[in-house]
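Here is how names work: the chains are called A, B, and so on, in the same order as the sequence lines, proteins then strands, and each is numbered from 1. Hydrogens, waters and symmetry mates play no part in the numbers below; they use all other heavy atoms, side chains included.
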Protein chains: 2
Amino acid sequence: MEKPNITAQSAMRAAGGRPAKVSEVLELLGRRVVTGDYAVGETLPVEKELIEELSVSRTTLREAIKTLTALGLLEVRTRHGTRVRPRQDWSLLSRDVLRWMQPVEGVNVELSSAIDEAREVFEPAACALAAVRADRREITRIRLAYEAMERAAENDDVEAAIQADKDFHLAILAATGNPILEAFDTAIDAVLGLLFKAAIERHMESFRKNLANHLRVLEAIEQRRPEEARQAMLDMIGFTRRNLENYQIIKPIS
Amino acid sequence: MEKPNITAQSAMRAAGGRPAKVSEVLELLGRRVVTGDYAVGETLPVEKELIEELSVSRTTLREAIKTLTALGLLEVRTRHGTRVRPRQDWSLLSRDVLRWMQPVEGVNVELSSAIDEAREVFEPAACALAAVRADRREITRIRLAYEAMERAAENDDVEAAIQADKDFHLAILAATGNPILEAFDTAIDAVLGLLFKAAIERHMESFRKNLANHLRVLEAIEQRRPEEARQAMLDMIGFTRRNLENYQIIKPIS
DNA sequence: TCTTGGTGATTGGTATGACGAATCGCCAGC
DNA sequence: GCTGGCGATTCGTCATACCAATCACCAAGA
């Protein structure tokens, strides 16, 4: 049902229960980079200093840095040190990077707005594709997510509502059969949780009102009507956008 | 002008000129995973065996595996070994992963089709956004790329044509001001090269015919007409798609 | 016979120390 | 002042060791 979601976050505890050191270092350095603690273009302290500051072995430090390099945050050159790469090279669709970019409390309005704008681009198209290509299994998954939303609405269960809403969108993405579009699911998964949580907690009623939009999407996909599905998703995102703007979780379109 | 493009590929040679060992191991293991040499869900040989097979130290092997883990290809659990994660978790927008997924000769039709389909989704939208938001600098970059395309057409310079065409599309993406959309530039950069190369080499004339489409996009952006820009890009992609289909570089829409 | 408990082997996680290669900065000599 | 070289710096790689968690196996006891 759920994918493993192996991220630094979830991997932070080794089987035993103690936090894994590499993950700790990764989290710390990753956050320092995205928060600008180490500015773009800046050179990080040399290995020796970081080892002393963090009290870890060189092995551990280097493994963490290898991960940050793979995520596009850092660039290591022999003898020149470790530097922060420009923002456009960061893997913004990585769970870890997205998490680091969100403040511990609240939301990153700039980033959330960008993701919401991207949703408006991808999700209607994904719906249209899903209406054409989804197999029975995938449609069932979408329907189950919708039904879970209905139950959550009845029970006033915020957590379940968020989860079901996310599942609904992820199921549609998965039904496009396009692996490139599916790559976007990380952003959906990582951020819709935040956005919806902020919105739903403020006003569960808006979640209920949005149920009808979801149902339209579902039915259009079931009936193999791509253009209706596209339009329904567009309407839904518009509805959501207005809510998010009202709560200042995202900023209005420029 | 050009971004550093630090990938395993380019990092394969350390400053000296000798290939870096970690990168070699990374390339080898990465390709084994995406080619299915190590199947999804399968457990890789234990560290000791890989060390012996590849004749590298444990440090080197583990740093390579750390990178593959960050790219979503592998998952390491203490005492359980290293396993290949399901395909939908792979970072398809990473240069390295995309490269591994393309055969050494020719193109991966499935993947190329998916990327082309994704382009049709986000590039028209990117054009519309660029028409609204691009600043003078960004518009200049787009125009310069267009002019480079014209020169390449005059000179029958295939390499320059490919590069300029890529630049044109990347410049538009960069002008959206949306970092999430920009994240797809990796896919564009890594794959348009392949696609265009295959197409242009076969028939430079189609590249020339496509110039007018590019000009329409450029002018619409300069004149701040988002809907015209969107439509122009849609037309351009349709034109390209027909070519690619003819050459069986991608498969027809389902 | 089945369960329970221990015990050693396996496997990844971390720490250390060492050496190499490339490069930078400084200083001496021309 | 310029040039050449030498030492120091810094990352890349290697070898080894120990730890913790877990698994497979076996033996003792109910």
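Of the residues A:Val25, A:Leu29, A:Asp96, the one that meets the side chain to side chain contact (heavy atoms under 4.5 Å, CB included) test with A:Leu68 is A:Leu29. Looking at A:Leu98, A:Leu71, A:Val34 one by one, the single match for side chain to side chain contact (heavy atoms under 4.5 Å, CB included) with A:Trp90 turns out to be A:Val34.
The phosphate of C:dA15 has OP1 or OP2 within less than 4.0 Å of a side-chain N or O from A:Ser57. Here A:Lys48 does not reach the OP1 or OP2 of D:dC11: none of its side-chain N or O atoms lies under 4.0 Å away. Here A:Thr78 does not reach the OP1 or OP2 of C:dT23: none of its side-chain N or O atoms lies under 4.0 Å away.
With D:dC14, D:dA21, C:dG12 as the choices, the nucleotide that has an atom nearest any side-chain atom of B:Arg79 turns out to be D:dA21.
One can place CZ of A:Arg62 at 6 Å from C1' of D:dG12, the figure rounded to the nearest angstrom. The separation between A:Ile51 atom CD1 and C:dA15 atom C1' is 10 Å, rounded to whole Å. Protein atom CD of B:Glu63 is 13 Å distant from nucleotide atom P of C:dT14, rounded to whole Å. One atom, CZ of B:Arg83, and another, P of C:dT11, lie 15 Å apart when rounded to the nearest Å. Straight-line distance from the CD atom of A:Glu47 to the P atom of C:dA18: 17 Å, rounded to whole Å. One can place NZ of B:Lys66 at 17 Å from P of D:dG12, the figure rounded to the nearest angstrom. Taking atom CG of A:Leu26 as the reference point, atom P of C:dT14 lies 12 Å away to the nearest angstrom. In this structure, the CD atom of B:Glu49 is 14 Å from the C1' atom of C:dG12, given to the nearest Å.
The list of salt bridge (charged side-chain N to carboxylate O under 4.0 Å, His left out) pairs with a residue in residues 33-48 of chain A, not counting sequence neighbours, reads A:Glu47-A:Arg58, A:Glu47-A:Arg62, A:Lys48-A:Glu52.
At the heavy-atom level, B:Thr59 lies under 4.0 Å from base atoms of the strands shown.
Nearest-nucleotide mapping onto DNA chain D: of B:Arg58 and B:His80, the residue sitting toward the 5' end is B:Arg58.
Between A:Phe184 and B:Phe122, a ring centre-to-centre spacing not shorter than 6.0 Å is recorded.
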Residues A:Glu117, B:Asn178; criterion side-chain hydrogen bond (donor to acceptor under 3.5 Å, both in side chains); working and verdict: CA-CA 8 Å; A:Glu117 186 172 86; B:Asn178 184 316; 2.9 Å; yes
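Summary for the helix from C:dT1-D:dA30 to C:dC30-D:dG1: the axes at its two ends, each from 5 pairs, differ by 10° when rounded to the nearest 10 degrees.
With hydrogens and angles disregarded, no donor-acceptor distance shorter than 3.5 Å links the side chain of A:Asp185 to the backbone of A:Leu170.
Scanning all heavy atoms of the two residues, the minimum distance from A:Thr186 to A:Ser94 falls at CG2-C, 3.9 Å.
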